[in-house]
Participant: 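Quick one: the structure is below, questions incoming.
Counting starts at 1 for both ligands and their atoms, in listed order. The first residue of the sequence shown is numbered 1, and numbering continues consecutively from there.
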Amino acid sequence: MLRTIDVNGVRYQVMDAGVGPAIVFAHGFPLDHTMWNAQIAEFSKTHRVIAPDLRGFGGTDGNLYSVPMEQFADDIADLLAALQVEGPVTFCGLSMGGYIAFQFALRHPNWVAKLILCDTRSAADSPEAAANRIKMADIVTKEGPEPVLWVMMPKLFGPATYQSQPETVAAVRGMVMGTKATAIAAAHRGMAVRLDVTPQLPRLTFPSLVIAGEHDAISPAAEMKSFSEQMPNARFVVIPNVGHMAPMEDPVAVNAAIRQFLSGS
Ligand code: MLT
């Protein structure tokens with residue numbers, strides 16, 4: 001069920017569905033919880049699925065000028081407590097949601113049973129990429145979400161997906177265009193200053209699953225394989241023929257990988 005709940009002055013919209021051990025799904029940028037619809041449908045059969053719209057995104061308010069990844073992670077810990085979720089949880093994040101997953105695991109290890117990192121990076125931005133984000137934050141504040149749409153849309157999917165899944169591409173376009181400019185700007189500023197968590201990877205001893213889209217142009221599969229090898233207890237999986245939005249592009253394959261990981265086999 002989609003619910004709203006006030007936590008620390010922020011009104012969250014959050015999908016809270018199913019019963020059982022909890023799985024949290026943290027969405028990418030600049031999207032909302034509906035990017036996880038296929039995972040919500042599947043895993044709510046056996047788990048309590050918590051899929052929030054992050055601070056500022058979707059139906060959640062509470063913008064700041066800049067939202068660091070640490071803030072998003074702390075927000076989720078407070079949200080889980082407010083929802084009386086029984087921990088520890090499996091925490092699954094895609095891309096920006098993965099940057100948040102790293103911070104969640106480092107800052108709130110008692111909340112974490114297992115980690116799932118989809119199409120994300122452990123490295124910080126290059127100085128050039130960070131400068132571009134700051135510029136884009138200012139542009140979006142003046143012009144709305146469209147400029148970010150033009151930059152991101154060509155990079156989000158595998159080549160086949162643009163041809164064969166126009167409805168998936170349209171759903172993502174709709175999410176981007178529906179996102180508040182202030183949220184986009186604040187998250188861009190937060191991602192620009194995020195720390196390189198690569199040196200911390202050996203500390204992340206939780207059973208972990210790292211899922212890469214074969215043609216991910218934002219978080220390349222080779223880079224993901226390399227960071228997974230620095231995590232003591234991680235398994236690396238490539239989803240063929242898809243890009244950055246693997247859980248939407250091939251939900252059957254991604255759900256099968258997650259299901260197998262959750263069952264411990
Ligand atoms: C995302 O999908 O969350 C973004 O591509 C992350 C980023 O811009 O680094």
Participant: Which heavy atom in Gly59 sits nearest to a heavy atom in Asp53, and how many Å separate them?
Facilitator: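 Minimum heavy-atom contact is N-OD2, 2.8 Å.
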Participant: Just jot down the ligand 1 atoms closer than 4.0 angstrom to any heavy atom of Gly28, in number order.
Facilitator: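 Under 4.0 Å from Gly28, ligand 1 has these atoms: 3 (O).
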Participant: Just to check, does His27 reach to within less than 4.0 Å of ligand 1 when the distance is taken from its heavy atoms?
Facilitator: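 It does not, in that no heavy atom of His27 comes within the 4.0 Å cut-off of ligand 1.
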Participant: Search all heavy atoms of Ser219 against all heavy atoms of His244 and return the closest pair with its distance.
Facilitator: OG-CE1, 3.2 Å
Participant: Quick test: of every protein heavy atom, which one is nearest to atom 3 (O) of ligand 1, and how far off is it to 0.1 Å?
Facilitator: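 For atom 3 (O) of ligand 1, the nearest protein heavy atom is Phe29 N, 2.7 Å.
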Participant: Taking the ring centre of each residue, are Phe102 and Phe91 less than 6.0 Å apart?
Facilitator: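 No, ring centres 6.0 Å or more apart.
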Participant: Going from CD1 on Ile239 to CE on Met245, what distance comes out if it is rounded to the nearest 0.5 angstrom?
Facilitator: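 Answer rounded to 0.5 Å: 13.5 Å.
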Participant: In terms of ring plane angle, is the pair Phe43 and Phe25 parallel, tilted or perpendicular, where the classes change at 30° and 60°?
Facilitator: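 Tilted: the ring planes of Phe43 and Phe25 meet at 30° to 60°.
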Participant: Examine ligand 1 and decide if any of its atoms is less than 4.0 Å from a heavy atom belonging to Met152.
Facilitator: yes
Participant: Please identify which atoms of ligand 1 are closer than 4.0 Å to at least one heavy atom of Ile218.
Facilitator: 5 (O)
Participant: Any idea how Phe57 and Phe29 line up, ring-wise: parallel (<30°), tilted (30 to 60°), or perpendicular (>60°)?
Facilitator: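 Perpendicular.
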Participant: Less than 3.5 Å between some nitrogen or oxygen of Gly97 and one of ligand 1, yes or no?
Facilitator: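 In fact, backbone or side chain, Gly97 has no N or O that close.
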Participant: Would you call Arg133 a ligand 1 contact, heavy-atom distance under 4.0 Å?
Facilitator: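 Arg133 counts as a contact of ligand 1 under the 4.0 Å cut-off.
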Participant: In terms of atom number and element, which parts of ligand 1 are under 4.0 angstrom from non-hydrogen atoms of Tyr99?
Facilitator: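 Contacts of ligand 1 toward Tyr99, numbered from 1: 6 (C), 7 (C), 9 (O).
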Participant: List ligand 1 atoms under 4.0 Å from Ser95, heavy atoms only on the residue side.
Facilitator: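 Once the distances to Ser95 are compared, the set is 1 (C), 2 (O), 3 (O), 4 (C), 5 (O), 6 (C).
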Participant: Can you find a side-chain donor-acceptor pair between Thr161 and Glu249 that sits under 3.5 Å?
Facilitator: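 Checked: Thr161/Glu249 side chains pair up, N/O donor to acceptor below 3.5 Å.
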